[in-house]
Amino acid sequence: MSEMSREDLLEVVRKVWIERDPVPDGLVSRMQAAAAMAGSDLDVELMLLVERSHELAGARGDTTTSYTLRFVHGDTDLLLRIAVDGDESRVDGWIVPPEAMTVRALAADGEPRGTAVVSDKGRFELTGLPTGLMQLRLEPHDPERPAFATPTFEI
C-alpha cells in the first residue's frame, strides 16, 4: 500500500467534511448580519450568555415553541423567556436586581422592532416581534450607567 502525500490526504478530509458536515444554509449571511450589528454601536457593552434551555412542547398539537436565555453583565442578570408562534414571537424578561431602564429590540438590520420599560419589579415584555436575528439593548435611566446589550440571538 502506498502512502498518500500530505496534500492528497488533506483533500480527502476536505471532501468528506464538505459532504458530511456542510455549512448550514444562510449561516454566512446570518453571521455577516450579526457582525454588522455588533460593529454598529461600539459604545455598548455586551452581556454574556450563560444559559439556554428549551421547554417541552405541548402534547396536543401546540405549535408554540418556547425557550429561555440567561445573560449576565456585571451585577445585572437578565432572564428571557421567548415564545415563538408562527412568524411572531413574544419575549418576557426579568432583570435582577430591578432597575429603571428601557429595553429596545433591534433586528439584524438595526431597525427597532419593539420597546418596553422595565417595571419596578424588574419585568418587561415585548410582543409581536418577528422571527430572525434579534438583539436587546438595555438603556438604564440612570445617566451614570452606560447602555449594554445582549449578543445577537435568533428567534
Side-chain angles (χ1 to χ4, degrees), residues 16-155:
V16 170
W17 192 309
I18 290 170
E19 290 174 12
R20 303 291 180 170
D21 191 16
V23 175
D25 293 336
L27 177 64
V28 173
S29 62
R30 290 193 313 259
M31 294 307 297
Q32 288 171 333
M37 182 182 289
S40 65
D41 198 353
L42 297 177
D43 67 331
V44 175
E45 296 182 26
L46 284 180
M47 300 184 84
L48 175 66
L49 175 65
V50 293
E51 186 176 344
R52 179 185 175 119
S53 64
H54 289 274
E55 297 175 16
L56 296 175
R60 293 201 165 88
D62 185 6
T63 59
T64 302
T65 302
S66 61
Y67 57 95
T68 59
L69 298 173
R70 183 173 161 237
F71 298 95
V72 173
H73 178 267
D75 63 348
T76 302
D77 206 324
L78 171 65
L79 180 66
L80 302 176
R81 180 184 178 276
I82 300 165
V84 180
D85 190 4
D87 292 335
E88 287 194 346
S89 63
R90 172 189 175 102
V91 174
D92 290 287
W94 295 266
I95 295 178
V96 177
E99 179 180 354
M101 65 177 65
T102 300
V103 178
R104 299 184 194 286
L106 304 172
D109 59 5
E111 288 295 313
R113 298 295 186 212
T115 302
V117 176
V118 177
S119 75
D120 60 347
K121 296 193 189 302
R123 189 181 180 310
F124 66 91
E125 62 185 52
L126 297 159
T127 59
L129 296 176
T131 57
L133 293 176
M134 195 70 57
Q135 180 182 47
L136 298 183
R137 180 181 167 111
L138 293 85
E139 301 168 349
H141 294 174
D142 178 357
E144 301 292 318
R145 295 232 324 141
F148 50 99
T150 65
T152 302
F153 57 91
E154 188 165 10
I155 293 181

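Positions are given from 1 along the sequence.
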(Q) As an exercise, state the distance from OG of Ser66 to CG of Leu80, rounded to the nearest 0.5 Å. (A) 13.0 Å
Q: List the steps and the verdict of side chain to side chain contact (heavy atoms under 4.5 Å, CB included) for Leu136 and Leu126.
A: CA-CA 10 Å; Leu136 298 183; Leu126 297 159; 3.8 Å; yes
Q: Locate the shortest heavy-atom distance separating Met134 from Pro130; write the atom from each residue and the value.
A: CE-O, 3.7 Å
Q: For Glu111, check side chain to side chain contact (heavy atoms under 4.5 Å, CB included) against everything at least two apart and list the hits.
A: Asp109, Arg113
**Q.** Residue list, side-chain hydrogen bond (donor to acceptor under 3.5 Å, both in side chains) with Ser119, at least two apart or on another chain
**A.** none
Q: Look at the rings of His73 and Phe148 and say which category their plane angle falls in: under 30° parallel, 30 to 60° tilted, over 60° perpendicular.
A: parallel
Q | Contact summary for Leu138 and Pro140, nearest pair of heavy atoms | A | O-CD, 3.4 Å
Can you give the donor-acceptor pairs under 3.5 Å from side chains of residues 94-103 to other protein atoms, not counting sequence neighbours?
from	atom 1	to	atom 2	distance (Å)
Glu99	OE1	Arg145	NH2	3.0
Glu99	OE2	Arg145	NE	2.9
Thr102	OG1	His141	NE2	2.9

Q) Which heavy atom of Thr131 sits nearest a heavy atom of Ile155, and at what distance? A) CB-O, 3.5 Å
**Q.** Short side-chain to backbone donor-acceptor contact, Thr152 and Leu133, under 3.5 Å
**A.** no
Q | Residues forming a salt bridge (Lys or Arg N to Asp or Glu O under 4.0 Å) with Arg123, sequence neighbours excluded | A | Asp92, Glu125
Q. How far does CG of Leu79 sit from CZ of Arg70, to the nearest 0.5 angstrom?
A. 8.0 Å
**Q.** Partners passing side chain to side chain contact (heavy atoms under 4.5 Å, CB included) against Glu88 (at least two apart in sequence or in another chain)
**A.** none
Q | Shortest non-hydrogen contact from Val117 toward Phe124 | A | O-CB, 4.1 Å
Q: Check for a donor-acceptor pair, side chain of Ser89 on one end and backbone N or O of Leu129 on the other, with a separation under 3.5 Å.
A: yes
(Q) One pair to check against side chain to side chain contact (heavy atoms under 4.5 Å, CB included): Phe71 and Thr76. What are the steps and the verdict? (A) CA-CA 8 Å; Phe71 298 95; Thr76 302; over 6 Å; no
Q) More than 12 foreign heavy atoms under 6.0 Å from CG of Asp142: is that the case here? A) yes
